[in-house]
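Contents: one structure, followed by commentary.
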2 protein chains.
Amino acid sequence: MGRPHQTLLSRTAIAHAALELIDDRGYEALTMRALADRLGVRGASLYNHIGSKDDILDAVSELLDAEIDHTPLHREPWLDGIAAYARGYRRVLQSHPNAISLVARRAVHTEDALREYDTLLATLVRAGCTPALAAETAAALDFLVIGSALETYAAGFTRPPAAYRPEHPALADSLEAANRVDPSPTALDDRGFEFGLRMILGGLAAQLAGTGSG
Amino acid sequence: MGRPHQTLLSRTAIAHAALELIDDRGYEALTMRALADRLGVRGASLYNHIGSKDDILDAVSELLDAEIDHTPLHREPWLDGIAAYARGYRRVLQSHPNAISLVARRAVHTEDALREYDTLLATLVRAGCTPALAAETAAALDFLVIGSALETYAAGFTRPPAAYRPEHPALADSLEAANRVDPSPTALDDRGFEFGLRMILGGLAAQLAGTGSG
DNA sequence: ACCTGAACACCGTTCAAGT
DNA sequence: ACCTGAACACCGTTCAAGT
């Protein structure tokens, strides 16, 4: 307390503390004052290292992006590699549920992120896609990952499956059937994601093999 | 000005004004004071009709949900009906880009929303799905729609396609190829969505016809 | 029944001081 | 070079008045 702080503060250190705060206490708990407090400093000090709160959100976004493991993209067979990459991507988002809304609206332009996407597209082209088809596939996979991580779907329905039974028989049947397959709360999300992944990658493989419906 | 207001205020009227404000001036412009101003009233008055700002966000969410046209779900052939429904769902979200982050994190439990999902699941079951498979398909479609509406993907890449050319050749090639197919700014999103939709519904149809890979 | 003004505790951000 | 206290304009929300 008596000693002055050494150089504890930096854009990266602030981003790490911000992500911890979001993980621990939720997105709305990320306050400049609360963040400074967690860093043993006084609010206004943060502005010596970052330009604005928005800047911090960008830094947190980059932090999450850096957590994604893209080594599976170099694996063979390429289909399994891409599936593993997509699952890992989704797992990172799911492990920071309070930060998901942040990721969803914030484009990442880091050199790392670009290299990652470059690798994905190169893998798809090597597998036989035209560059344009590779872009479409990558986009579809991205949509599936982000959409499933946001999980509005299961959040909306996993909860009270029996409540609206008589008025909505198909809904109740489906949810009960899905629940019978696996009763864990994220199971329907997981299975929806896996289904979509299988359809996209399976359909792509069929198309590349010339058996697609074109 | 001299006359007292008649009953202009209500939860619904407030929600409509809130959505207008979000559409016009962005999500962060939705302020209790600004919203009241748009309704010719003074901030605190809103609390006579709604419980909190969060309550307003729920109401806006319901408003968007009500815009979705689910009549295509009753059309034949069911495959085209579901595709049309998914496209309409996505179109509604895209027509309120400033409100998308709101929809993404907010589960809608309205009677209308439940009926909508019930219809979708009933359609899938009628087409031959087991209830569990119907739930997975509906989830995958939902993820694709929401993920593509959030459009992080294209927001991140459509912009500066030439800038990082040498370091990321596959990325640059894909974006340029996609751009050549259709240069409009949302084209890659649209094509990614359509590709995912085709893969999911095509794969489902094949699976139901017994030609799937199981 | 419902609009109002004033106030509350909070927020992001700035800036003149300090060291 | 960087932390600080105080201040700024703002925010969501409450509440005693008013009509």
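Chain A is the first sequence line, chain B the second, and so forth, proteins listed ahead of strands; every chain is numbered from 1.
Remark: A/His49 is in phosphate contact with D/dC3, judged by side-chain N or O atoms under 4.0 Å from OP1 or OP2.
Side chain of B/Thr31 to main chain of B/Ala34: no donor-acceptor pair is present (N/O by atom type, distance under 3.5 Å, no hydrogens or angles). Formation of a donor-acceptor pair under 3.5 Å by the B/Ser45 side chain with backbone atoms of B/Val41 is not found in this model. Judged by distance alone, the side chain of A/Asn98 and the main-chain N or O of A/Tyr27 form no donor-acceptor pair under 3.5 Å.
As a whole-Å value, the separation of A/Tyr47 OH from C/dC15 P is 12 Å. A/Asp37 places its CG atom 16 Å from the C1' atom of D/dG5, with the value rounded to the nearest Å. If you take CG of A/Asn48 and P of D/dC3, they are 5 Å apart, rounded to a whole angstrom. Rounded to whole Å, atom C1' of C/dA1 lies 20 Å from atom CZ of B/Arg11. Atom-to-atom, CZ of B/Arg42 to P of D/dG12 comes out at 16 Å; the value is rounded to the nearest Å. A/Met32 places its CE atom 16 Å from the C1' atom of D/dC8, with the value rounded to the nearest Å. If you measure from atom CG of B/Asp54 to atom C1' of D/dG12, you get 11 Å, rounded to the nearest angstrom. Computed from coordinates, the A/Glu28 CD to D/dC11 P distance equals 19 Å when rounded to whole Å.
Comparing A/Thr31 and A/Ala44 along DNA chain C, the residue whose closest nucleotide (by nearest heavy atom) sits nearer the 5' end is A/Thr31.
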| query | What would the secondary structure line of DNA chain C be in dot-bracket form, counting Watson-Crick and G-U wobble pairs under 3.5 Å, with [ ] for pairs that cross earlier ones and | for pairs with another strand? | reply | ||.|||||...|||||.||
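For A/Arg33 and C/dG12, a side-chain-to-base donor-acceptor distance below 3.5 Å is present, hydrogens and geometry of angles not being considered.
When heavy atoms are screened at a 4.0 angstrom cut-off, A/Leu30 is found touching the sugar-phosphate backbone but no base atom. At the heavy-atom level, A/Leu46 lies nowhere under 4.0 Å from the strands shown.
For the residue pair B/Glu116 and A/His168, no side-chain donor N or O sits within less than 3.5 Å of a side-chain acceptor on the partner.
Classification of B/Glu62 and B/Arg11 as a salt-bridged pair holds, one side-chain N sitting under 4.0 Å from a carboxylate O.
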Residues 118-125 of chain A side chain polar contacts: donor-acceptor under 3.5 Å, at least two apart:
residue  : atom : partner  : partner atom : Å
A/Asp118 : OD1  : B/Ala170 : N            : 2.9
A/Asp118 : OD1  : B/Leu171 : N            : 2.7
A/Thr119 : OG1  : A/Arg115 : O            : 2.8
A/Thr123 : OG1  : A/Leu73  : O            : 3.3
A/Thr123 : OG1  : A/Thr119 : O            : 2.8

| task | Could you walk me through whether B/Asp24 and B/Arg38 pass salt bridge (charged side-chain N to carboxylate O under 4.0 Å, His left out), step by step? | result | CA-CA 12 Å; B/Asp24 288 359; B/Arg38 187 173 274 247; 3.2 Å; yes
